[in-house]
Amino acid sequence: MATVRVQEADFDITAEVAALGAGRADIGGIGSFIGTVRDVAGGRTITAMTLEHYPGMTERALARIAAEAEGRWPLLGCTLIHRVGRLLPGENIVLVLAASPHRHAALEATAFLIDWLKTAAPFWKKESFADGSEAWVDAREADTAATERWGRPA
Amino acid sequence: MATVRVQEADFDITAEVAALGAGRADIGGIGSFIGTVRDVAGGRTITAMTLEHYPGMTERALARIAAEAEGRWPLLGCTLIHRVGRLLPGENIVLVLAASPHRHAALEATAFLIDWLKTAAPFWKKESFADGSEAWVDAREADTAATERWGRPA
Amino acid sequence: MAGTIHVLYFAWLRERVGRSEERLSPPDSVSTVAGLIDWLKTLSDGHARAFAAGPLVRCAVNQDFATPDATVKPGDEVAFFPPVTGG
Amino acid sequence: MAGTIHVLYFAWLRERVGRSEERLSPPDSVSTVAGLIDWLKTLSDGHARAFAAGPLVRCAVNQDFATPDATVKPGDEVAFFPPVTGG
């Protein structure tokens with residue numbers, strides 16, 4: 001039921017929502033999260049963000065995260081799309097959609113999916129700065145804490 | 001900073017997200033909720049949903065709800081679009097967007113906006129059934145409870 | 001028109017009253033939402049049926065939600081409707 | 001190739017080692033992730049620098065996250081990378 005994709009191209013949110021709901025009218029609400037590239041990191045202006053991933057393991061990890069959400073909430077489908085490659089400030093990085101008959105389930109599942117994705121899917125970001133320097137982004141304690149509030153997998 | 005609209009026409013999510021983020025790259029995440037017409041209500045198949053509102057007060061109520069969210073979370077903008085008129089199962093009813101540098105703020109504000117909209121904005125739904133009968137939708141206790149978890153306005 | 005109260009009805013209140021709005025001049029003794037409702041009930045069977053739903057009737061005065069003890073005066077816009085069900 | 005371990009490196013581990021993957025045949029005494037890391041460190045200065053980050057190095061065996069005591073054997077795909085930062 002889940003759609004999971006890793007791609008260089010941008011995604012179209014309207015098209016993904018339409019695909020999630022295609023041919024069905026039992027969805028009451030769709031929660032969504034769109035992550036975008038910010039132009040500042042640690043007070044420094046960034047000129048680009050480059051995303052690397054672990055092909056194969058990424059898709060497995062995303063499918064597992066989606067299955068976990070589908071086991072916890074009454075979802076009618078969910079979508080996880082993550083971009084890789086070089087992205088500019090303002091560009092989309094990640095799209096999470098979760099559809100449910102009930103709005104709170106849809107929104108809670110959306111929060112769960114993005115929190116888990118940030119700590120359990122093998123993506124790495126490198127920031128490029130105006131002076132030509134580059135730096136890998138460090139993992140944030142806050143992201144681990146955000147995932148832990150959902151408890152361990154069943 | 002908020003965009004508030006009541007309209008008969010459908011909305012395009014991609015276009016609304018683009019409008020919210022136009023010309024800026026300080027948004028880290030956009031939370032979203034899309035409410036759609038379900039084909040079943042209380043076990044009966046519905047053929048259409050008709051939405052009525054209170055022109056003038058609706059826009060004021062939506063602007064107030066948006067301002068309340070902007071006071072509670074560090075938002076960089078939010079969008080509330082609600083359709084009125086006759087809608088078919090599967091069609092969009094409402095769109096909520098909340099943009100923030102931080103994903104949890106964006107998602108919490110999204111949940112707050114849809115919860116408040118459901119109890120503080122003057123919209124009424126009438127369901128049409130296959131046998132030609134119609135019935136106004138009753139307000140749900142659960143919706144009031146959902147709003148109350150956010151506490152009173154400041 | 002400044003001397004009248006602009007009364008609006010929505011959803012099943014509109015259907016029961018049989019109109020969506022009217023401009024009315026209640027007696028001077030009507031000074032609150034509750035007083036206005038009591039007077040409106042006397043106007044027609046439709047008004048009486050609409051307000052028979054008592055606790056299910058919500059009100060806004062000048063486009064802000066209002067309680068039964070809220071003041072109403074000539075020139076006000078007063079709307080009656082069921083609990084809202086949007087979203 | 002069934003007799004080799006397929007080792008992958010990502011992000012700054014890849015940059016420090018200087019390659020993204022290699023197929024290696026460690027001695028039979030290497031049977032865990034921790035043992036493999038100790039042996040990899042001896043292969044080059046780049047390997048040594050990559051694994052000097054110790055506690056910041058994460059591992060997956062056959063595409064599942066793995067702890068230092070996890071078993072590794074010929075035919076396995078073993079990946080090393082920093083804590084993930086997607087989303």
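So that the names make sense, note that chain A is the first sequence line, chain B the second, and so on, each numbered from 1.
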- Task: Look only at the side chain of Thr14(A) and the backbone of Asp12(B), and say whether a donor-acceptor pair between them is shorter than 3.5 Å.
- Result: no

- Say you draw a straight line from CZ of Phe33(A) to CG of Leu107(B); how long is it, rounded to the nearest 0.5 Å? 6.0 Å

- Note on the structure: Looking only at Ala99(B), Gly21(B), Ala15(B), Gly29(B), the option with the highest number of non-hydrogen pairs under 4.5 Å against chain A is Gly29(B)

- Query: Between Arg103(B) and Thr110(A), is a side chain to side chain contact (heavy atoms under 4.5 Å, CB included) present by the stated rule, with each step listed?
  - Reply: CA-CA 11 Å; Arg103(B) 76 182 183 283; Thr110(A) 301; over 6 Å; no

- Using non-hydrogen atoms and a 4.5 Å limit, figure out which bit of Asp10(B) sits close to chain A: side chain, backbone, both or neither. neither

- What is the minimum heavy-atom distance between Ile13(A) and Ile13(B), and which atoms define it? CG2-CG2, 3.9 Å

- Identify the two heavy atoms, one from Ala25(B) and one from Gly90(A), that lie closest to each other, and give their separation to 0.1 Å. CB-N, 3.8 Å

- Just give me the residue among Ile114(A), Val37(A), Val94(A), Thr36(A) that pairs up with chain B most often, heavy atom to heavy atom, under 4.5 Å. Thr36(A)

- Query: With a 4.5 angstrom heavy-atom cut-off, which part of Asn92(B) approaches chain A: side chain, backbone, both or neither?
  - Reply: neither

- Message: Looking only at heavy atoms and a cut-off of under 4.5 Å, which of Lys118(A), Glu108(A), Glu16(A) has the most pairs with chain B?
- Response: Lys118(A)

- Query: Closest heavy-atom contact between His104(A) and Ala146(B)?
  - Reply: CE1-CB, 3.4 Å

- Item | Most contacts with chain B, counted as non-hydrogen pairs under 4.5 angstrom, among Asp26(A), Asp115(A), Val17(A) | Asp115(A)

- Note on the structure: Greatest number of non-hydrogen atom pairs under 4.5 angstrom with chain A, of Gly31(B), Pro101(B), Pro89(B), Gly28(B), falls to Gly28(B)

